[in-house]
Amino acid sequence: MTRVYDEDLNAGFATRAVHAGQRPDPSTGAIMTPVYLTSTYAQDGLGQNKGYEYARGKNPTREALERNVAALEGGTHGFAYSSGMGCLDSIMKLFQAGDHFVCAENMYGGTPRLFDRILSCFGLRFTYVDPRSTEQMEDAIVAETKAILLETPTNPMMRLTDLAAVGEVAARRGVMLIVDNTFATPVFQRPFEHGAHIVYHSSTKYLNGHSDMVGGIAVVRDNALAERMQFILNAAGAVPGPFDSWLVLRGTKTLHLRMAAHDANGRRVARHLADMLGEERVIYPGLPSHPQHDLAKRQMSGFGGMISVEVGSRETAARILERLRVFTLAESLGGVESLVCHPATMTHASVPLERRQSIGITDGLIRFSVGVEDIDDLLTDLDDAFRSELRAQRSEVAAR
Ligand SMILES: Cc1ncc(COP(=O)(O)O)c(C=O)c1O
């Protein structure tokens, strides 16, 4: 299993981002971690090897990434996977039939799909609760509960969980706390400091940051748990290739810089949309109108670039999406380029209609992933798309 280099944990965040887990290549001095394109390793004799036997279990490029992200999260061991969902699926293999989980009701749509349509067939049980209520989370714990599983802010409703409060509940009730930190990243939020046992990511998103691969990564800080994670990683084998690992490693070097830019643009875009449409329509933890703005300020050091907006109907959403030029209509988020999506028919289409509606994922909801382009170009793009819609709505009202 891949353990951080302890000395990396003494460095500041930006230094960790650039250097953690990476040392000049011992054979050539290459500064950048080589892409070790190999499936196997020569052995000197029976039972004698250089620490590497077969690349499903270990690959040096992947190890550098695992050490890097483990250091960024402030954990001790990292485990990289071939996708965010592959990562979560491997985490869930820590458990067995009969185990129960308390989950945030509004997570990325693929998460409840994995739980309800696959893992429930293997005897795992899930209860979904409002992640804003620590009380509801605690009340849902039963004798068989093994973990609380959540995402904060949630995708796409931007609801927050009080990590310190839920971390205290998890510790007191003897259950694990598993946190998807994809949206906030370790730049803005550190779940381990609030008692999390496993922090995981879709590294497809901000960690990679350039929309050119799919991956996942989990971090823990307990040796026994790390050993079980490594056993599952090798036994189940949902590992990333070395080039994808290298792409994420290249991405994390600039994570702090990119997140600062996403955050600066995110705040401006959210303010602009709120001024144009009214604050009640714009869901962004950085706006004082967000009902959990105080919690956001307390547990996050930035708010990032994810913003959801309620535009009223699927037809209005479709027209706005067609007019946007700099924001591209696409699934995914967290890349340097600005994207926009329609959760009800895209990222959250697999969530049953009733649950979607009960958590506010309406047909009129659109979600922005604000990139790092020039802010003026982003605001002009939004003006062009929304102002003509607002004008059309006003003339329709006048004509009635
Ligand atoms: C918050 C969050 N977690 C997990 C995932 C799943 O990750 P992947 O698409 O890399 O499998 C996603 C994907 O959008 C996500 O947004």
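Heavy atoms only: backbone and side chains are in, while hydrogens, waters and symmetry mates are out. For the single chain, residues carry numbers from 1 onward in sequence order.
In summary, Arg62 and Asp244 do not engage in a salt bridge, as defined by a charged side-chain N under 4.0 Å from a carboxylate O. Ion pairing of Glu138 with Arg172 is present here, as a side-chain N (NZ or NE/NH1/NH2) and a carboxylate O approach within less than 4.0 Å. With respect to Glu73 and Arg190, no salt bridge is recorded, no charged nitrogen being found less than 4.0 Å from a carboxylate O. Between Asp212 and Arg250 there is no salt bridge, since no side-chain nitrogen of the basic residue lies less than 4.0 Å from a carboxylate oxygen of the acidic one. Between Glu151 and Arg159 no salt bridge is recorded (no basic side-chain N to carboxylate O distance below 4.0 Å). Between Asp116 and Arg355 there is a salt bridge, with a side-chain nitrogen of the basic residue lying less than 4.0 Å from a carboxylate oxygen of the acidic one. A salt bridge links Arg125 to Glu144: at least one charged side-chain nitrogen sits closer than 4.0 Å to a carboxylate oxygen. Between Arg319 and Glu315 there is no salt bridge, since no side-chain nitrogen of the basic residue lies less than 4.0 Å from a carboxylate oxygen of the acidic one. A salt bridge links Lys146 and Asp99; the closest N-O separation between the charged side-chain nitrogens and carboxylate oxygens is under 4.0 Å.
Within the model, atoms CD1 of Ile91 and NE2 of His197 stand 13.5 Å from one another, a figure rounded to the nearest 0.5 Å. Atoms CG and CD1, from Asp89 and Ile118 in turn, are 7.0 Å apart once rounded to the nearest 0.5 Å. Distance CD1/Ile375 to NE2/His272: 8.5 Å, rounded to 0.5 Å. In this structure, Phe327 CZ and Leu378 CG are separated by 4.5 Å, a value rounded to the nearest 0.5 Å. Between the OH atom in Tyr108 and the CG atom in Leu88 there is a gap of 11.0 Å [rounded to 0.5 Å]. Atom CG of residue Asp162 and atom CG of residue Asp294 lie 11.5 Å apart, to the nearest 0.5 angstrom.
In this structure, the side chains of Ile320 and Phe386 come closer than 4.5 Å at one or more pairs of heavy atoms.
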Practice task
Give the intermediate values and the outcome of side-chain hydrogen bond (donor to acceptor under 3.5 Å, both in side chains) for residues Gln357 and Thr362.
Solution key: CA-CA 6 Å; Gln357 283 175 341; Thr362 65; over 6 Å; no
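Checked against the 6.0 Å centroid criterion, the rings of Tyr81 and Tyr200 do not qualify as a close aromatic pair. Between Phe126 and His100, the gap from one ring centroid to the other reaches at least 6.0 Å.
Checked by atom type, the side-chain pair Asp25/Tyr36 shows a donor-acceptor distance below 3.5 Å. Side-chain atoms of Glu53 and Thr40 form no donor-acceptor pair, as typed in the model, at a separation below 3.5 Å.
Classification of the Tyr284-Phe303 ring pair by plane angle, with boundaries at 30° and 60°, yields perpendicular.
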